[in-house]
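Counting convention: from 1, in listed order, for ligands and their atoms alike.
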Amino acid sequence: MPFAQEHTSSYYAATVNEVTDYPRLKEDLRVDVCIIGGGFTGVSAALALAERSYNVCVLEANRIGWGASGRNGGQMIGGVSGESQLLKKDPGLADLMWDMGWRGHDIIRERVEHYDIDCDLKHGYVDVAIKPRHLREFEAAEAKLTRRNYPYEHGMMSRQETSDALGTDVYIGALKNMGNGHLHPLNLVIGEAQAAVSLGAVIYEQSAALKIDHGDAARVSTAEGSVTADFVLIAGNAYQMVEKSLRSRFLPVRSFIIATEPLSDELLDVINPHDLAVCDPNFLLEYFRLSADKRLLFGNRFRYLGEDAAVIAANHRPRMLRTYPQLKDVGIDYAWGGTIAIPINRVPQLGRIAPNVLYSNAYSGHGVNVTHLAGEVIADAISGTMERFDVLSSMPSVRIPGVSMFGDTIVNLGVLWYGLKDKL
Ligand SMILES: Cc1cc2nc3c(=O)[nH]c(=O)nc-3n(C[C@H](O)[C@H](O)[C@H](O)COP(=O)(O)OP(=O)(O)OC[C@H]3O[C@@H](n4cnc5c(N)ncnc54)[C@H](O)[C@@H]3O)c2cc1C
């Protein structure tokens with residue numbers, strides 16, 4: 001578990017609005033809620049609780065947004081992963097799951113506006129099809145959007161329309177959804193942390209939670225202090241070590257992103273004139289979008305490549321050029337990776353390890369949206385409203401034996417297997 005690290009050398013860290021410098025915890029605190037982990041889940045829950053006048057403390061081992069939340073593709077995509085599993089169990093949940101699938105977007109939009117968070121939020125997204133079966137899935141999704149009176153513009157795009165919108169011929173069609181979008185994730189989570197602090201929350205960085213002593217009030221210890229709280233939320237996602245039993249419930253899959261140098265207006269007009277976020281439906285998916293300063297941010301889920309930016313860039317550039325040969329003379333300015341927690345059944349992992357110690361982790365690739373839903377659901381549960389927490393925590397998690405000991409080997413085997421499935 002990395003402790004007291006600075007941000008990875010990403011495009012986001014290089015363009016952050018504020019470099020956070022919250023203190024280390026060096027005292028013994030008493031609060032209502034102690035949150036372990038300062039990513040979207042932890043910060044989003046902290047803000048939702050502070051808005052309800054709870055006395056909240058966030059402990060972050062590194063920096064706010066240091067984990068997946070400050071490194072991701074920034075694609076704000078609707079839906080809760082693993083939803084079909086929950087609906088198979090109880091079809092009566094269809095309305096609630098539909099509402100939950102879009103709730104994170106509303107929370108993000110409301111916060112960006114209410115707290116005036118500068119995070120380059122833009123609307124416009126396409127799911128792109130590589131195979132005919134993808135088109136069939138998108139047509140079903142499109143029919144559902146229509147049936148549900150989805151309020152944002154949406155519709156299928158033909159092969160030609162997709163090629164015109166994206167300047168590439170690798171896709172056979174697409175589903176456009178103008179309610180999804182993209183944003184600068186590190187600036188969002190830092191802005192939300194500032195908002196929580198403005199409402200009385202306290203944040204400690206470089207203050208890893210090392211141990212939880214359970215009781216009517218739980219005590220969370222760090223190297224130099226402690227927090228005693230009526231409730232604890234474990235929100236360390238793929239990076240947490242304080243409760244090891246939670247780590248065997250998902251595959252820690254790596255995903256990597258490269259950011260080009262800013263593109264010329266001529267190139268932008270060809271490759272993405274409508275500034276859409278783009279994602280394919282493979283497990284080893286490719287996803288890309290433009291940054292506010294007009295770089296192409298091109299990401300891919302992949303086997304473990306380490307942290308070396310040069311290695312990541314060398315590996316990903318040919319992938320980007322397969323889609324965009326037009327960028328052959330364009331330089332790569334940033335390359336980085338992060339870890340995504342993917343449960344076998346894809347259902348986000350919410351639950352309790354003790355009556356007053358909750359956890360919320362593992363949203364597969366849908367975390368931007370679902371972490372914001374989860375923050376609100378956790379705040380509800382702590383305030384005594386259980387409906388959504390009970391639904392999301394109802395699915396038994398599947399343990400993956402050996403994943404904490406042989407993590408990278410198991411993940412690489414999993415990646416090989418899913419890569420084969422993608423090709424079918
Ligand atoms: C490269 C990449 C691309 C992605 N792209 C997208 C995308 O485009 N769209 C999308 O919706 N999702 C995407 N995701 C997934 C999304 O980023 C995550 O689901 C989401 O950020 C998870 O947020 P989190 O707060 O739960 O976890 P994290 O952001 O990982 O935060 C966990 C935090 O907890 C801290 N922590 C851990 N243990 C302790 C401890 N013991 N004490 C104190 N602090 C601790 C860590 O330091 C870390 O900062 C992507 C992920 C990656 C890695």
Side-chain angles (χ1 to χ4, degrees), residues 1-5 7-8 10 12 25 34-46 57-81 104-105 108 125 180-183 185-186 188-189 192 203-212 220-223 227 232-244 246-247 250 252-258 277-279 285 287-289 297 299-302 312 335-342 348-350 359-372 374-375 378:
M1 165 73 202
F3 289 154
Q5 289 193 359
H7 288 289
T8 192
S10 67
Y12 301 126
L25 180 69
C34 175
I35 295 176
I36 300 173
F40 279 144
T41 303
V43 170
S44 176
C57 167
V58 178
L59 297 175
E60 166 52 51
N62 302 290
R63 295 276 174 214
I64 290 296
W66 175 90
S69 301
R71 305 166 184 235
N72 62 57
Q75 307 214 359
M76 185 177 80
I77 307 169
V80 177
S81 68
H105 287 35
I108 292 170
Y125 167 87
N180 286 332
H182 55 104
L183 48 81
L186 186 54
L188 175 60
V189 69
E192 292 179 291
I203 295 179
Y204 294 92
E205 290 186 321
Q206 306 203 325
S207 302
L210 301 175
K211 180 165 159 260
I212 304 175
V220 181
S221 304
T222 66
V227 184
V232 173
L233 169 63
I234 302 174
N237 203 35
Y239 293 99
Q240 77 88 21
M241 285 299 287
V242 73
E243 180 55 39
K244 290 205 176 82
L246 298 178
R247 286 188 63 86
F250 55 81
V253 175
R254 300 282 293 173
S255 191
F256 300 91
I257 301 179
I258 53 176
V278 183
C279 191
L285 77 182
Y287 51 94
F288 52 89
R289 69 182 185 93
L297 269 50
N300 183 225
R301 203 178 280 170
F302 206 56
I312 299 168
W336 69 95
T339 309
I340 306 185
I342 306 189
Q349 308 264 302
L350 275 78
Y359 60 86
S360 179
N361 296 310
Y363 316 92
S364 303
H366 278 218
V368 172
N369 159 31
V370 183
T371 48
H372 286 81
I378 294 288

Handout entry: Nearest-0.5 Å distance, CG of residue Asn361 to OG1 of residue Thr41
Key = 7.0 Å
Practice task
Check whether any N or O atom of Ala61, backbone or side chain, sits under 3.5 Å from an N or O atom of ligand 1, and answer yes or no.
Solution key: yes
Practice task
Please find out if less than 6.0 Å separates the ring center of Phe40 from that of His372.
Solution key: yes
Handout entry: ligand 1 contacted by Ile77 (non-hydrogen, < 4.0 Å)
Key = no
Completion exercise
Heavy-atom proximity to atom 32 (C) of ligand 1, picking from Gly67, Gly236, Gly37, points to Gly236
Problem - Numbered atoms of ligand 1 (with element) below 4.0 Å of Ile340, judged on heavy atoms - result: 50 (C), 51 (C), 52 (C), 53 (C)
Practice task
Flag the pair Arg254 / Thr339 as yes when at least one side-chain heavy-atom distance between them is below 4.5 Å, and no otherwise.
Solution key: yes
Exercise for the section: Run the contact test for Gly299 against ligand 1 with a 4.0 Å cut-off on heavy atoms, strictly below, and give the result. Expected result: no
Completion exercise
Counting from 1 in the order shown, the ligand 1 atoms closer than 4.0 Å to a non-hydrogen atom of Tyr363 are 19 (O), 26 (O)
Practice task
Measure the distances from the heavy atoms of Ala238 to every atom of ligand 1 and state whether one is below 4.0 angstrom.
Solution key: no
Practice task
Work out whether the distance between some heavy atom of Asn361 and some atom of ligand 1 is less than 4.0 Å.
Solution key: no
Problem - For Ile340, all residues meeting side chain to side chain contact (heavy atoms under 4.5 Å, CB included), sequence neighbours excluded - result: Ser255, Arg301, Ile342
Handout entry: Summary of salt bridge (Lys or Arg N to Asp or Glu O under 4.0 Å) pairs that have at least one residue in residues 62-72, sequence neighbours excluded
Key = Glu6-Arg63, Asp21-Arg63, Arg63-Glu205
